[in-house]
Amino acid sequence: MDLSVLNLQQLEAVLHKDGPLLVFAGAGSGKTRVITYRIANLIHTHGVSPRHILAVTFTNKAANEMKERLRHLLGDAARGLWVGTFHSICLRILRESGTAIGIPPNFVVYDESDQLEVVRQALIALNIDEKQFNARTIANQISRAKERLLTPEQYQERAIDFFERIVASVYRNYQAFLRSANALDFDDLLVRTIELLETQPLIRARYQDQFRYILVDEYQDVNYAQYVLVRLLAENHRNLCVVGDDDQAIYSFRGAEVELILRFEQDFPDAKVVKLERNYRSTQPILDAAHKVIQENTLRAPKKLWTERTDGAPITFTQAIDQEDEARIVADYIFQQVRQGKRRFKDFAVLYRTNAQSRAFEERFLRERIPYRLVGALRFYDRREIKDLLAYLRVVVNPDDSVSLKRIINVPPRQIGQSTLNAVQAHAAEWGISLYQALNDPRLLGTFTPKTLQAVQQFVLLIEELREFARTHSLTATVKRLLESSGYLAWLEQKGDADSLDRAGNLREFVTVVEGFERKLQDEEETPEDTLNAFLQHIALLSDIDTLDESRDQVVMMTFHAAKGLEFPVVFLVGLEQGIIPHALSETPRDIEEERRLLYVGMTRAMDELHLLCARERSVYGSRKAAIPSPFLRALADTPMPSLFQLRYGGAKPSPLQWTPPHRRQEPPKPAPEKPAPFLPGQRVHHPQHGYGIVVRTQEHVVTVMFPGGKGLMSFPLQGCPLEEA
DNA sequence: TTGTCCCCTATTTTT
DNA sequence: TAGGGGACAA
Ligand SMILES: Nc1ncnc2c1ncn2[C@@H]1O[C@H](COP(=O)(O)OP(=O)(O)OP(=O)(O)O)[C@@H](O)[C@H]1O
């Protein structure tokens, strides 16, 4: 195997065979590469069987890439390796061995919205007003508790105020509900795996023996439960290699604790520590700027980072008028670079703090026919029609899954309305049975009018018939059958509006996805039921980034969070404004430092070019608000940063960041009393603050003017613009 | 029971 | 801005 693609420090980490190992290093220093080559080396040089190796990645996509690279390095010798996220690995363990603690392998994985629904049900059962205690907040609290491995009882003991006591009772109820629906939420996957390993010595011994080498990427973002799981699994062989960078810890809102990586050397006093200092990804100007930003943080371990790419383009900073202008500037730049043959679309990434910011870019890119892929909060599988279909499938697997049943009982409408549903729910709650059991309970059915009774019985018949069908047919056939016999597809088509037809299209696409999944499983001998289970569980753990296809020539857009671990030749960081990053909701110094790390993660995704943008004005909830640059950019005050205008039109020499101090409020644009004078390119104009300039271009609503004296180009909305002919 | 219309509110980030 | 929920008529 060719280890010459590693530097000395990387080699040191890769060759370290037994015992705990910490690779602690900055962005782009080749940490992930170390993990990959360490695995390859263990298999190739030391003859370790792949099934004795467990590698944990942050996303499913990262797992797939690692598998792919190992296949490339080792060919078939890499088969049998365990690579996946914490959640997918726990899922696999629970499927294999969960029965020992009463988890049948066909459990359902509840996602966030299912979770919320369960909390709502619990609130109703406990007679708590949802307006008084927000279901989402409570669901979050429950998640936090599980991440700290607190049972409802333990949580209750620790509850210090009224709210927490409420949460404790909801939590207890919530767990009971999950159990009766044979469901696990995301956190349960970890919690129950740990429970399994802690209470079942034989099973623990088996997995501890199996995973002789454990490697964890992005260790700075593990939470307490994940930490406990790793320790538990590694306890015996102690061949644990963790890799991370405290400056890239950005998931504390999800319970992750950076302290866990900082504590590694105390947990394993004999740990070998390797630091990597050479960055292979970015040019010097990018690295310098990123370093200036992150250096402002106080809670960090200092680290060096250098690069041989000392000759890069300067980073740019551009203030746009508003978000549309921001999108326009980015689109123009991309278009120009592609047209000149310098770049392809897939070389570009647009990164932002919040998903809502993608909108202006989508619109602009659509208009300019720039192909793009949005990695969004809304997954394909989260679309309403797909979730409905999945709910049907879950009910087919497990009719006692009341959350799913409730979702589809009247979709499409089948005469089972709110009042019937209320009666069913009340009955189910009263007798402690599932909704489906209630629907079959003569005591309840007796109270229905003939019309309702018929509707209910038809529904039960539909489900039974589908269950029978699913037992004896392929997954694809079942899905097709379901779309027919539930009347779902017909319902959408009969509605006939654009939205419904769109949804119908998505459902057909879903059938294709199912076919693909089934084809991949072909070699494994599975019963139709197993296939269906595996499919549902698999989908529950997918995130949108996992479906990103990097071979397609398209610009990618995603949040800073989603970009973790990725790299792109040209990166635009947009909306770098106070209130967005740091986000207005971050308050404590700790929060602020995490926001700064987020910016750092974004900056360090760039290989060749980094472009920072912000807008002077932004629409929030539809109303326009003045915006000022993010205070984080102050760290770059002495960095020469030309704007994209200057880059394009030449003009003034790169100037330092023009800082608009926070106290100097931007004037909201005054509505123009008369039709604005049309400006022509080449025309001389005067601006009250910036003085004389030359118009370089006019568009429908915007005029761009070049000012002398290092000011470069500025754009103004024609509406209410203070420019005058000179 | 269904469908429509209008008002209100929520928005950080996600496995 | 949008989408969810409540009020109301058919
Ligand atoms: N020894 C090396 N020689 C050449 N290129 C390398 C070397 N090590 C890593 N690289 C390249 O550097 C880039 C960053 O590597 P990698 O993703 O492993 O870094 P990382 O430390 O995991 O980054 P991050 O923390 O930002 O996710 C990749 O393109 C990788 O191929």
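As a basis for the values below, the full set of heavy atoms in this structure was taken, side chains included, without hydrogen atoms, waters or symmetry mates. In this text, all values refer to a predicted model and were calculated from it rather than measured experimentally. Quick note on labels: first sequence line is chain A, next is B, and so on, each numbered from 1.
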* Is A:F253 stacked on the base of B:dT13, meaning ring centres closer than 5.5 Å and planes within 30 degrees of each other? -> yes

* To do: Look at all strands and tell whether A:F560 reaches a base, only sugar-phosphate, or nothing, counting heavy atoms closer than 4.0 Å.
  => nothing

* Most 5' of A:L421 and A:H583 on DNA chain B, judged by nearest nucleotide -> A:L421

* **B:dT14 phosphate, OP1 or OP2, under 4.0 Å from A:T559 side-chain N/O** => yes

* Remember a base hit wins even if backbone is also touched, and classify A:N410 as base, sugar-phosphate or nothing at under 4.0 Å, heavy atoms. => sugar-phosphate

* **A:E363/A:R367 salt bridge by N-O under 4.0 Å criterion** => no

* To do: When you get a sec, tell me which of B:dT12, B:dT14, B:dT15 is the closest nucleotide to the side chain of A:T85?
  => B:dT15

* To do: State whether A:T59 places a side-chain N or O below 4.0 Å from either non-bridging phosphate oxygen (OP1 or OP2) of B:dT15.
  => no

* **Minimum-distance nucleotide to A:T420 side chain [options: B:dT1, B:dT14, B:dT15]** => B:dT1

* Asked: What is the per-nucleotide protein-contact pattern of nucleotides 5-10 of chain C, from the 5' end, where B denotes a base atom under 4.0 Å from a protein heavy atom, S denotes such proximity for sugar-phosphate atoms only, and - denotes neither?
  -> ------

* Choosing from B:dT15, B:dT2, C:dG4, which nucleotide comes nearest the side chain of A:R384? -> C:dG4

* Asked: Is it true that A:D188 and A:K146 have a side-chain N and a carboxylate O under 4.0 angstrom from each other?
  -> yes

* Asked: For B:dT13, does OP1 or OP2 lie under 4.0 Å from any side-chain N or O of A:N355?
  -> yes

* **Donor + acceptor pair across side chains of A:N297, A:D247 (<3.5 Å)** => no

* Asked: Can A:E594 and A:R597 be counted as an ion pair, charged N to O under 4.0 angstrom?
  -> yes

* Asked: Salt bridge or not for A:R503 and A:D388, using N-O below 4.0 Å?
  -> no

* For the side chain of A:L585, counting heavy atoms from C-beta on, which of B:dT15, B:dT12, B:dT14 is nearest? -> B:dT12

* To do: May I ask you to verify if any side-chain N or O of A:S419 is less than 4.0 angstrom from the OP1 or OP2 atom of B:dT1?
  => yes

* **Side-chain ion pair, A:E259 and A:R590, N-O less than 4.0 Å** => yes

* To do: Please figure out whether A:L541 or A:W491 has its closest DNA chain B nucleotide nearer the 5' end.
  => A:W491

